[in-house]
Q: 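Next up is a structure, given as structure tokens.
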Amino acid sequence: MTATIFDTQDYNYPDNYNEIRPKLKRLEQAIKNLEANLIEADSNANTEMLGQRLADDLNLTVDYASELNPNQLLAATTVDGKVLVIAGAGSGKTKTLTYRTSYLIENGVPPSQILLLTFTRKAANEIKNRAQTLLASSASDSHSLNSSLPNSKVLNDITSGTFHSFCNRLLRQYSGLLGINPRFTILDTGDAEDAIDLVNKEKKYPTQTNIQAFPRKKTLQNIISTSRNRRIHIRDLIEANYPDIAVHIPIIEQLAVDFHEYKRANHLYDFDDIISQVVRHLKTNDTFRQLLQQTYRYIMVDEYQDTNIPQKQLIDLICQPDSVSLMVVGDDNQSIYAFRGANYENILLFGETYPAAKLIKLEQNYRSTPAILDYINALSEQITLGYQKQLYSKIKIAGQKPVFCRLSDERKEAKYIADTVIELKPDYDYNDFAVLCRTSFQSNYIQLEFMERNIPFIVVGGIKFIERRHIKDVLAFVKILYNPNDTISWHRILTLFKGVGAVTATKLTQAINADNNSFEPLLAAPFAKKSEQLKPLYAVLTKASQAESVEQIIDDILDFYIPILKFIEDNWRERSEDFRVLKNLAQEYNSLDNFLENLALDPPNDSIAAMGKTESGSNDDNDKVTISTIHSAKGLEWPVVFVNSLVDGMTPHHRSLSDFEELEEERKLFYVACSRAKTRLYLTAPDYFASYSGYFDKPSRFIAELSADKVSVETVKKYTFESDEPAWW
DNA sequence: GATCCGTGAGTTTTT
DNA sequence: CTCACGGATC
């Protein structure tokens, strides 16, 4: 046992390891089976032959063999069958997918047969654009006489995007075949909560609130969604994770059914429906399934470790025929989305699903210094279950070991980080720094400190533009123009008015839907007298429904809505700033379909209003320190990375301390955070953290578990902090 | 039936 | 701190 930096600490570890032991056994077996199908470039004389064959192939203009490392080359050129690529952090995963895409095209695969599923749309576009550039530049400096080179348009025919955007497109494109209305509305999580609340109130279930309060809508949404994505019955889920509300199980089960029917009746799809409904159609509609199987012959899935069960089913259903080529890429060390239903077992069971599958590993790291790699490899060893892997670098200079520094409190921690940024700034741009937090709330002190020190920063993750109340309000108007059956939006709009509450709103919505979705009931007998504003509402909806452009619609709505906002919010002026952003977005779209779809599935995730404020005189608008949640930092990298709040109970989060699998995920989360760093990694922890949820004062076990030689421990004395006096004294 | 106000309970990560 | 609910009041 090697010494650790905190020998005196002891931690309570989850005690449910034995319960899940059978499951782990199964996973271990599947891993072992697939490891047996590992194909490696080094041990395989084929690689040289492969390189030679590629070099001889006159149809190829890109020099794959010299631009990729041997295993990347293998991944890029292994086309047939089912393949899992374990791509370690910083191993050139995007590059490999880019070259593979180009390789497919060069080998005559029609782009329309390629399906590329990624975690974000940005990732999909990046791969497509880079492949495009690759093909174009190679074509221009190549002596090849190949005349069938793809022109610049061709790559647009590749189907790419997130699971959600892909399924959304399928539902609309094949609405006829599937017998559904193509003009459906997408409910984001907040909308789904509202819908559940609405159904709950309308149905007036006989809840026994005298025994135990009925759960709030947020909890209900969470339970229903988790139940679907993890395929756990509501009863089992509640008994295991929400034992307090067990008395309400029958009602919640009924609510889930009624909620589902409500969505179907009103052409509403929440995030889960978008995927699950496609899966259901694939299972039951042979024509549809065969159509997709014939259309998509080459399928690539990125971030496979973060897929959930419905997403895996979707892939498996399309890939059923042996002739369909499937390559899934991921890193089991980086599965961090279980809270959203992601199932880390998918990647571990790949060998069970596809016994003939091949395994390729990318272990050469192009990102981090050897000292940092040493650290993250040590972290990786602490992860109980997974494919064998060891990242290595060809960089000779070891670089600086990760630094661990413990400070007396969160303010000191923030000061330390700011101090270090300023100290290193001469050698770096602000762009080169990132502060990664377990929860968005943990960045508060950092933000304050950076503001005081005039360090420019941008916050990623946290409160999203699209979730702000006034944006949701305006979009509700747009949504009912698109889908008048969108009862959630109707409800939202109608309750804005004085004299109209939940009951009137529901009745009015029903009247409108019953009247073939005309707006007339707004003017008719029982409702018109409820509020002075229903008449102007009728006018603006009528006007906006005839508008020529998305931008015009937004303008019409804003004319009507801003006076209302003025009345209900005192900071309306500040909020109105956001409307500029909304209008700019609207200008980019020429149809409501695309506008709403993009806003729902690919929302602008940084609050642009906040960005505008920090530009106090600085010309260099883009040079900013990134402050981000760890989740939002996935896939990114920075030369200098700070990971803060490394107190046991914050990282790992206290809610995960009693469950083996949840704790493992926290460990992976920390792994993701550390593996973002290229040259310097700073780990910081305050002495304690106190909130209503508990008092925590031990350093994170993730740091304590490693042998002491992996980090250098820095003492705060080196830094002279400014006075603790508030600025206004 | 709508709204206002006081009280009490819950706060991770996001397509 | 924020959200939801119960009860009083319009």
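Proteins get letters first, then strands, A, B, ... in listed order; numbering begins at 1 in each.
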Q: Give the rounded distance in Å between these two atoms: NZ of K201(A) and P of dG1(B).
A: 15 Å
Q: Tell me: CG of L599(A) to C1' of dT15(B), nearest whole Å?
A: 14 Å
Q: Whether T629(A) contacts dT14(B) is assessed here as follows: a side-chain N or O lying under 4.0 Å from the phosphate OP1 or OP2. Is that the case?
A: yes
Q: Would you kindly give the CZ-to-P distance between F166(A) and dT15(B), to the nearest whole Å?
A: 20 Å
Q: Is it true that T651(A) and E666(A) share a donor-acceptor pair across their side chains at a distance under 3.5 Å?
A: no
Q: Expressed as a whole number of angstroms, how long is the span from F163(A):CZ to dT14(B):C1'?
A: 16 Å
Q: In whole Å, I'd like the distance from the CD atom of Q305(A) to the P atom of dT13(B).
A: 20 Å
Q: Under 5.5 Å between ring centres and under 30° between planes: true for Y337(A) and the base of dT13(B)?
A: no
Q: Tell me, please, which residues at least two apart from N644(A) pass side-chain hydrogen bond (donor to acceptor under 3.5 Å, both in side chains).
A: none
Q: Out of R121(A), K479(A), R183(A), which residue meets the salt bridge (Lys or Arg N to Asp or Glu O under 4.0 Å) rule with E597(A)?
A: R121(A)
Q: Check every atom of dT13(B), dT15(B), dA4(C) against the side chain of R216(A) and return the nucleotide holding the closest atom.
A: dA4(C)
Q: For K218(A), report the nucleic acid contact type (base, sugar-phosphate, nothing); a contact means any heavy atom under 4.0 Å.
A: nothing
Q: Does a nitrogen or oxygen in the side chain of S632(A) sit under 4.0 Å from OP1 or OP2 of dT13(B)?
A: no
Q: Between A505(A) and E665(A), which residue's closest nucleotide on DNA chain B lies nearer the 5′ terminus?
A: A505(A)
Q: For R172(A), I'd like to know if atom CZ has over 12 heavy atoms of other residues, nucleotides or ligands within 6.0 Å.
A: yes
Q: Just the rounded figure in Å: distance from P of dT14(B) to CD of Q221(A).
A: 15 Å
Q: How would you list, by chain and number, every residue that makes a side-chain hydrogen bond (donor to acceptor under 3.5 Å, both in side chains) with D306(A), sequence neighbours excluded?
A: K634(A)
Q: For I186(A) and dT15(B), give me the distance from atom CD1 to atom C1', rounded to whole Å.
A: 11 Å
Q: Within this structure, what is the CZ-to-C1' distance between R667(A) and dT13(B), rounded to whole angstrom?
A: 18 Å
Q: Please figure out whether R655(A) or T189(A) has its closest DNA chain B nucleotide nearer the 5' end.
A: R655(A)
Q: Within the pair S440(A) and dT13(B), is there a side-chain N or O less than 4.0 Å away from OP1 or OP2?
A: yes
